[in-house]
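Below: one structure, written as structure tokens.
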Amino acid sequence: MSNPLARAKYLLAAHNAKQLPADGGFEVAFAGRSNAGKSTALNAICHQNALARVSKTPGRTQQLVFFDIPPHTDKYLVDLPGYGYAKVPKDLQAHWQAFIDQYFRTREALKGLVVVMDIRHPLKEYDRQMLGYAVSRGLPAHAILTKADKLGRGAQGNAMLAVRKEMQAEYRDAVSVQVFSGESKQGVEEARKVIGGWLEL
């Protein structure tokens, strides 16, 4: 099965609203704690090794990073700043918070949010905040439980059921949940299908 996301390439990094591409077309945003494996997940989904920078220093993504998907001129993947960045000055944290808040409230092109969580530590406060942003805007969200290769099948299933049950109770059907591993490629096709659907690829 061909993967249109394999053509994704870096377009720009925006530090403020003026630097964003024109607000039209289709965008899917990726959010995640800075050690949840967001870059690894993005790379696996796009079948590329270095599309998103995988860093030994969590929280390196300090802007909204846009990747376009040729030959389309209006379809983007957006890598949001990794959160949990304790070493970042408070005023910069406040800037990102305000910028991301504005992006979620006003961005018409945004069609869905992928929240990347370590399957061993899901639904931290910021994960919930990001999911809340999406649901309050009426956007679908998809929770990817990464690093599934660190757990056995039974533990993976239990973790997914627990997250799914909580999401169903809180958001009904607005948030879908899946198990994922960038290492073993488990769940990559499923994630690709969700994102491709939102982007209408």
| message | Within this structure, what is the CG-OG distance for the pair L145 and S181, rounded to the nearest 0.5 Å? | response | 12.0 Å

| Should the heavy atoms of other residues, nucleotides or ligands under 6.0 Å from NZ of K150 be counted, would the total exceed 12? | no

| message | Checking the side chain of D127 only, and the main-chain atoms of K124 only, is there a donor and an acceptor separated by less than 3.5 Å? | response | yes

| Between CD1 on residue I144 and CD1 on residue I195, distance to nearest 0.5 Å | 5.5 Å

| From CA spacing to verdict: side-chain contact (heavy atoms from CB on, under 4.5 Å), V78, F66 | CA-CA 5 Å; V78 186; F66 280 72; 3.5 Å; yes

| query | Hey, what do you get for CH2 (W96) to CD (Q63), rounding to the nearest 0.5 Å? | reply | 8.0 Å

| remark: Closest heavy-atom pair, M167 versus L131, reported as atoms and distance to 0.1 Å, is SD-CD1, 3.7 Å

| query | What's the verdict on side-chain contact (heavy atoms from CB on, under 4.5 Å) for L151 and N158, showing C-alpha distance, side-chain angles and the deciding distance? | reply | CA-CA 10 Å; L151 297 179; N158 290 341; over 6 Å; no

| request: Output yes when a side-chain donor or acceptor of Q48 lies under 3.5 Å from a complementary backbone atom of A8, and no otherwise. | output: yes

| query | Side chain of R7, backbone of I69: donor and acceptor closer than 3.5 Å? | reply | no

| field | Single-linkage hydrophobic cluster, 4.5 Å side-chain cutoff, L12 and Y76 together | value | yes

Distance-only criterion, 3.5 Å: show the donor-acceptor pairs between side-chain atoms of residues 23-32 and protein atoms not counting sequence neighbours.
unit_1	atom_1	unit_2	atom_2	d
D23	OD1	E108	N	3.3
D23	OD1	A109	N	2.8
D23	OD2	E108	N	2.9
E27	OE1	Y103	OH	2.8
E27	OE1	R107	NE	3.1
E27	OE2	R107	NE	3.1
E27	OE2	R107	NH2	2.5

| task | Find out whether I100 and M130 are in side-chain contact, i.e. whether some heavy atom of one side chain is under 4.5 Å from a heavy atom of the other. | result | yes

| remark: Here the pair of heavy atoms bringing N43 nearest to A52 is OD1-N, 2.7 Å

| message | Using modelled atom types and a 3.5 Å cut-off, is there a donor and acceptor pairing between side-chain atoms of Q19 and backbone atoms of N16? | response | yes

| query | Is any NZ, NE, NH1 or NH2 atom of the basic residue among D118 and R33 found under 4.0 Å from an Asp or Glu carboxylate oxygen of the other? | reply | no

| said: For the NE2 atom on H47, are there more than 12 heavy atoms of other groups (residues, nucleotides or ligands in this structure) within a distance under 6.0 Å? | reply: no

| message | side-chain contact (heavy atoms from CB on, under 4.5 Å), that's the test. Do Q168 and D173 meet it? Break it down for me. | response | CA-CA 6 Å; Q168 181 72 28; D173 298 324; 3.2 Å; yes

| message | Are L201 and L5 packed together at the side-chain level, in the sense that at least one heavy-atom pair is separated by less than 4.5 angstrom? | response | yes

| query | How many angstroms lie between atom CD of Q97 and atom CD of Q129, to the nearest 0.5 angstrom? | reply | 5.0 Å

| salt_bridge(R192, E189) N-O dist < 4.0 Å | yes

| said: If you define the side chain from C-beta out and look only at heavy atoms, does anything of C46 sit under 4.5 Å from L77? | reply: yes

| Which pair of heavy atoms, one from P140 and one from W198, lies closest together, and at what distance? | CG-NE1, 3.4 Å

| query | Which pair of heavy atoms, one from L139 and one from L110, lies closest together, and at what distance? | reply | CD2-O, 3.1 Å

| request: Check the hydrophobic clustering (I, L, V, M, F, W, Y; side-chain heavy atoms under 4.5 Å; chains of links allowed) and say if Y10 and I45 are grouped together. | output: yes

| Is a side-chain N or O of K38 found less than 3.5 angstrom from the main chain of D79, in a donor-acceptor match? | no

| Closest approach of L64 and P81, non-hydrogen atoms and distance? | CD1-CD, 3.8 Å

| said: Keeping T146 on the side-chain end and M117 on the backbone end, is there a donor-acceptor pair under 3.5 Å? | reply: yes

| Donor-acceptor pair, Q156 side chain versus V179 backbone, under 3.5 Å? | no

| request: Answer yes or no: is there a donor N or O on one side and an acceptor on the other, between the side chain of Q186 and the main chain of D149, under 3.5 Å? | output: no

| request: Start with the C-alpha gap between K111 and K75, add the side-chain angles, then the distance that decides, and say whether side-chain contact (heavy atoms from CB on, under 4.5 Å) holds. | output: CA-CA 10 Å; K111 304 302 179 195; K75 297 183 193 288; over 6 Å; no

| Which atom names give the shortest non-hydrogen contact between A159 and I119, and what distance separates them? | CB-CG1, 3.7 Å

| request: Using atom types as modelled and distance alone, determine if a side-chain donor or acceptor of H95 lies under 3.5 Å from a backbone N or O of H15. | output: yes

